[in-house]
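Order of listing sets the numbers, starting from 1, for every ligand and every atom in it. Nothing here was measured: the structure is a model prediction, and the numbers come from that model.
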Amino acid sequence: MQLEQLTPVIGALARDVDLAAIDEGEFSALEDALLEHQVLFFRGQALSIDDHKALGRRFGDLHIHPSAPPGAEGHPEILKVHADAKTKRTAGDKWHSDVTCDPEPPSISILRLHTIPPSGGDTLFSSMYAAYDALSPGMRSYLEGLTAVHDGSPNYRDRARRSGFDDSARQYPNAEHPVIREHPKTGRKGIFVNPTFTTEIKGIPAAEGEAILNFLYAHVAKPQFQCRFRWEVDSIAMWDNRCVQHHAMWDYYPEVRSGYRVTVQGDRPF
Ligand code: SIN
């Protein structure tokens, strides 16, 4: 596997690898590369649904999304990512890491697109390590004592409402996580709040919490912490939600963009 780094802080394009047929040694190199670069990109990977799931399972148990229906018949672990002329709101159109409203949010996500628009539809990725490292020592130690609430309801209910789907009988998960989390494998610290799921910081005045969250949302969206991926048919993006946020651009309406995501179950953040 050859790696071409996209920016000094995040992202690498991996060449000369067939994700449907990697052996133990190649998988171990891939895991190391993902820990270092936080998001990896691959071209020309026409994985079947079963191969896609098998790849995810090499990282751990697969996560089942709390709000989306199975993305493929008989495959509850597959999340369908799709937008077309009828779409009222796409998935992932604000900065987030995946499903942080879960008490044990996903670790790795693996997205393959099989249909792409003629232009646009890029995905942006931001390194939460780089964003944390850029804070002053005083701000880091203040944030390290704080806990945030993450709630699935505002995001998922908004999507359901705009899509004309009655979700009033549904319950969505919510959880409390540290504002700064440590990556269980690298030991590096990163910012772990996002505007899609985080609703408040506990134990401080509401206005102060809101100001801190707004500061952090603007901070993590700075271009110097980011890379941006231009999709091709059968490209794959594989990212580590424990240290990366992403934002899917919806600038291609009414064109079609479609694919499948496999998501790996993570652990409780600390
Ligand atoms: C997501 O997994 O949040 C969607 C990412 C994308 O569509 O690029």
Side-chain angles (χ1 to χ4, degrees), residues 6 10-11 13 34 38-43 45 47 52-53 55-56 59 62-72 75 77-84 87-102 105-128 150 152 154-156 158-160 162-163 172-173 192 194-198 217 220-221 226-266:
L6 262 67
I10 183 170
L13 181 64
L34 184 58
Q38 305 145 62
V39 54
L40 297 178
F41 306 105
F42 306 83
R43 301 289 189 195
Q45 307 286 331
L47 295 190
H52 196 165
K53 280 172 40 174
L55 177 64
F59 289 97
L62 298 187
H63 173 269
I64 297 184
H65 199 278
S67 85
H75 296 282
E77 314 89 341
I78 293 282
L79 179 78
K80 189 169 180 178
V81 171
H82 178 89
D84 60 26
T87 300
K88 299 282 192 303
R89 213 200 106 184
T90 53
D93 58 349
K94 285 197 289 185
W95 284 105
H96 66 289
S97 53
D98 289 324
V99 202
T100 61
C101 54
D102 267 0
S107 52
I108 313 294
S109 297
I110 307 169
L111 176 64
R112 168 182 156 253
L113 293 189
H114 55 73
T115 308
I116 59 159
S119 65
D122 295 357
T123 310
L124 284 68
F125 296 87
S126 182
S127 168
M128 295 303 99
H150 297 238
N155 178 51
Y156 296 135
D158 177 64
R159 270 214 352 238
R162 293 205 218 187
S163 312
Y172 294 112
F192 198 63
N194 67 80
T196 300
F197 294 111
T198 311
Y217 298 158
V220 302
Q226 295 175 24
C227 67
R228 179 172 181 137
F229 186 56
R230 181 85 226 277
W231 292 88
E232 293 172 6
V233 169
D234 289 331
S235 295
I236 282 192
M238 179 186 288
W239 62 88
D240 186 337
N241 289 293
R242 296 165 294 190
C243 55
V244 170
Q245 291 194 31
H246 57 286
H247 182 309
M249 286 300 303
W250 189 30
D251 52 2
Y252 51 88
Y253 182 86
E255 301 292 342
V256 179
R257 179 181 184 272
S258 201
Y260 298 112
R261 193 181 87 195
V262 162
T263 314
V264 183
Q265 179 65 48

Discussion item. Less than 3.5 Å apart, any donor N or O on the side chain of Ser97 or Gln245 sitting next to an acceptor on the other?
Written reply: no
Discussion item. side-chain contact (heavy atoms from CB on, under 4.5 Å), that's the test. Do Val99 and His63 meet it? Break it down for me.
Written reply: CA-CA 10 Å; Val99 202; His63 173 269; 3.9 Å; yes
Worksheet entry | Distance-only polar pair, side chains of Asp98 and His246, donor-acceptor under 3.5 Å | yes
Worksheet item: Is it true that Arg89 and Asp158 make a salt bridge, defined as a side-chain N closer than 4.0 Å to a carboxylate O?
Response: yes
Item to complete: Flag the pair Tyr260 / His52 as yes when at least one side-chain heavy-atom distance between them is below 4.5 Å, and no otherwise.
Response: yes
Response to the item:
Residues with a heavy atom under 4.0 Å from ligand 1, by chain and number, are Val81, Gly92, His96, Asp98, Leu111, Thr123, Trp239, His246, Ala248, Arg257, Arg261
Worksheet item: In this structure, which one of Trp239, Phe41, Phe125 forms a ring pair (Phe, Tyr, Trp, His ring centres under 6.0 Å) with Phe229?
Response: Phe41
